[in-house]
Amino acid sequence: MNTAITKFSIKNIELGFLFLWLGIGAACTSCSRPERVEDALAEAQRVPLVKTMSVEPSVTIRKHAFTAFAKEGRTTRLSFRVPGPLVDFPVEIGRKVEKGTVLAKVDPRDYELLVAQVQAGLGEAHAALKAMKTGARPEDLAALEAMEVAAKSQLETAVKNEQRFANLLSTQSIPQIKYDEIKLLRDKAQAAYDAAAQQLEKGRKGSRAEEIEAMESKIAGLEVQLKKAQNALADTVLYAPSDGCVSQKFLENGEIAAPGIPVLVFTDTSTLLVETTIPESVLLEQARFEAFTCEFEAYPGVELPAKLHELGQALPSGKPGWPLVVEVESDARHPLHPGMTGLIRISITQPEKSIIVPLAALVGETAFEGEYDGKSTETCVWLVTQTGETPTVTKKPVVVARAASGGMEIRGEFQPQDRIVTAGARFLHEGERVRVLP
């Protein structure tokens with residue numbers, strides 16, 4: 001009996017030692033595991049965490065899209081340049097008309113008469129100039145010679161009478177007043193003869209050079225008057241400057257139209273204006289705007305070509321950006337109307353070997369403790385390279401071109417799929433290991 005009790009006690013002691021050894025082993029294991037976890041966490045915390053971007057293959061065109069809305073094209077107040085009563089005013093408000101359609105007319109009769117009058121004077125001047133250059137015809141010369149002979153005969157008679165009355169005056173046979181009358185007749189005869197002689201000489205030799213120049217100047221003046229009269233006649237008709245419609249009328253048939261006073265309002269429907277606002281970063285790139293297109297919600301997937309109408313250089317109060325307006329032409333397949341909404345896409349040229357990175361990606365050569373301040377003469381970025389299990393970073397000098405939409409435009413020798421650190425760059429050092437955020 002004692003032997004059985006002794007065997008039972010020995011077994012219990014052995015089991016106790018076994019459980020004690022297992023407990024000590026478990027305790028040791030449980031104590032070493034947190035130490036290894038803490039060591040791993042500390043090691044991971046010593047490797048900086050960064051965010052990167054991949055360098056895409058070089059592109060020469062970048063596009064930016066902005067929401068926009070369409071509004072009416074150019075609205076013009078049309079007026080006559082000449083006065084007169086309206087004799088034809090056929091347009092109706094809201095009815096579309098084509099370019100060149102007659103919108104209104106004023107009475108043209110006075111302007112037609114003015115054109116005819118100036119044309120007659122111009123024809124007479126041309127005939128006179130021709131006669132000056134060619135001289136008189138034979139029959140005209142004969143008539144001039146006859147006039148000169150008659151004037152000479154009258155002069156001779158007047159001279160004889162003057163001499164005879166002078167003798168009578170010397171003997172006081174006639175009063176002084178009678179002699180003066182005879183002398184006046186002699187002077188008139190002399191003047192008539194001189195004029196006839198000059199006309200005959202002109203007919204034989206032609207006009208003098210200065211007389212021809214004077215007539216040519218007169219003709220030039222008459223031609224200007226004719227052009228002015230023709231313009232006035234043309235201005236009696238008002239034409240549609242483009243495809244569009246009349247949106248308002250101020251006069252009716254029979255009323256007098258005054259120069260420069262609008263008679264109607266014309267709206268151009270051949271082109272539509274599309275307006276949006278752009279941020280400062282895009283405004284700074286206006287010198288490199290390449291092309292504009294518009295896509296409207298009514299025609300998804302259809303990009304219509306557009307051209308720049310205006311780009312505001314001042315920020316209007318209450319606006320989120322700078323106003324940009326483009327012109328879009330409507331066509332039969334894609335009719336456009338004011339109030340339609342869509343997108344304006346701006347294509348911007350980008351030089352080769354240039355990319356856009358966030359401002360936080362730039363660091364100065366001697367200022368690694370701070371972000372790029374825009375003043376450092378040497379600027380670089382960090383490239384992530386995979387040399388082992390853990391990526392490392394390497395310095396890459398770059399040239400800062402300018403501020404751009406989304407960051408700064410830089411130029412440098414990059415390869416496609418190069419990874420640039422965009423967040424966490426300020427604390428890095430050459431060759432340092434990093435952890436990259438997915």
Side-chain angles (χ1 to χ4, degrees), residues 47-66 276-293 308 311 313 315 320-322 324 344-388 390-438:
V47 178
L49 189 64
V50 297
K51 187 177 180 181
T52 64
M53 62 171 283
S54 295
V55 175
E56 300 297 333
S58 179
V59 295
T60 57
I61 297 292
R62 292 182 291 105
K63 288 189 175 183
H64 298 272
F66 304 96
T276 187
T277 55
I278 59 175
E280 179 182 4
S281 57
V282 176
L283 179 70
L284 294 176
E285 298 186 88
Q286 58 182 296
R288 299 197 306 198
F289 286 177
E290 181 70 17
F292 302 87
T293 58
L308 182 63
L311 175 58
Q313 300 301 311
L315 182 64
W322 281 259
L324 180 140
I344 292 179
R345 288 189 173 90
I346 306 175
S347 298
I348 302 176
T349 57
Q350 179 174 316
E352 294 184 0
K353 298 183 179 180
S354 67
I355 59 174
I356 295 177
V357 298
L359 183 60
L362 302 179
V363 292
E365 173 69 15
T366 58
F368 291 118
E369 298 302 320
E371 294 182 353
Y372 176 65
D373 58 6
K375 299 178 181 179
S376 302
T377 57
E378 188 75 16
T379 309
C380 65
V381 296
W382 291 109
L383 291 184
V384 177
T385 57
Q386 191 79 31
T387 56
T390 306
T392 59
V393 291
T394 305
K395 243 179 346 185
K396 182 72 173 181
V398 295
V399 175
V400 178
R402 59 183 183 79
S405 176
M408 302 292 289
E409 182 180 311
I410 63 173
R411 297 174 187 172
E413 297 295 333
F414 295 100
Q415 300 298 324
Q417 305 309 317
D418 279 351
R419 289 189 297 169
I420 298 176
V421 175
T422 58
R426 61 165 57 180
F427 303 111
L428 299 179
H429 300 277
E430 181 69 25
E432 187 175 6
R433 293 183 303 163
V434 294
R435 290 178 297 147
V436 180
L437 285 173

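In this text the structure is predicted, and so the values were computed from the model without any measurement.
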| Is a side-chain donor or acceptor of Gln417 paired with a backbone partner of Ser54 at a separation under 3.5 angstrom? | no
| Minimum-distance pair of heavy atoms, taken over all atoms of Trp322 and Leu315 | NE1-N, 3.6 Å
| said: Give me the atom names and distance for the closest heavy-atom approach of Val50 to Gly424. | reply: CG1-O, 4.3 Å
| query | Taking the side chain from Thr276 and the backbone from Leu324, do they hold a donor-acceptor pair closer than 3.5 Å? | reply | no
| query | Would you find more than 12 non-hydrogen atoms of other residues, nucleotides or ligands less than 6.0 Å from Gln415 atom CD? | reply | no
| task | Kindly indicate, with the supporting measurements, whether the criterion side-chain contact (heavy atoms from CB on, under 4.5 Å) is fulfilled by Val421 and Val381. | result | CA-CA 7 Å; Val421 175; Val381 296; over 6 Å; no
| Option among Glu409, Met408, Arg411 that satisfies the side-chain contact (heavy atoms from CB on, under 4.5 Å) test with Val400 | Met408
| task | Run the numbers on Ile420 and Ile355 for side-chain contact (heavy atoms from CB on, under 4.5 Å), then give the verdict. | result | CA-CA 11 Å; Ile420 298 176; Ile355 59 174; 3.5 Å; yes
| CZ-CD1 distance between Phe292 and Ile346, expressed to the nearest 0.5 angstrom | 5.5 Å
| query | Closest approach of Ala425 and Ala360, non-hydrogen atoms and distance? | reply | CB-O, 3.8 Å
| task | Can you sort out the partners of Ser347 under side-chain contact (heavy atoms from CB on, under 4.5 Å), two or more places apart, ordered by chain and number? | result | Ile61, Lys63, Glu290, Ala291
| query | Which residues pass the side-chain contact (heavy atoms from CB on, under 4.5 Å) test with Thr277, sequence neighbours left out? | reply | Pro320
| query | Looking only at atom types and distance, does a side-chain atom of Arg433 sit under 3.5 Å from a main-chain N or O of Val47, one as donor and one as acceptor? | reply | no
| field | Set of side chain to side chain donor-acceptor pair (under 3.5 Å) partners for Thr52, sequence neighbours left out | value | none
| task | Starting from the C-alpha separation in whole Å, work towards a yes-or-no answer on side-chain contact (heavy atoms from CB on, under 4.5 Å) for Phe414 and Val398. | result | CA-CA 10 Å; Phe414 295 100; Val398 295; 3.5 Å; yes
| Derivation of the side-chain contact (heavy atoms from CB on, under 4.5 Å) call for Arg419 and Val436 | CA-CA 10 Å; Arg419 289 189 297 169; Val436 180; 3.9 Å; yes
| task | Under the side-chain contact (heavy atoms from CB on, under 4.5 Å) rule, collect the residues that match up with Gln286, sequence neighbours excluded. | result | Leu283, Phe289, Leu311, Gln313
| Test item: Leu49 and Val434 side chains (from C-beta on) under 4.5 Å apart, heavy atoms | no
| task | Specify the closest pair of heavy atoms between Glu285 and Ile348, including all atoms of both residues, with the distance to one decimal. | result | OE1-CG2, 3.7 Å
| request: Output the distance between atom NZ (Lys396) and atom CH2 (Trp382), rounded to the nearest 0.5 Å. | output: 13.5 Å
| task | For Thr394, enumerate each residue passing the side chain to side chain donor-acceptor pair (under 3.5 Å) test, keeping only those at least two apart in sequence or located in another chain. | result | none
| Side chain proximity check, Thr379 to Pro397, heavy atoms < 4.5 angstrom | no
| All side-chain contact (heavy atoms from CB on, under 4.5 Å) counterparts of Val399, not counting sequence neighbours | none
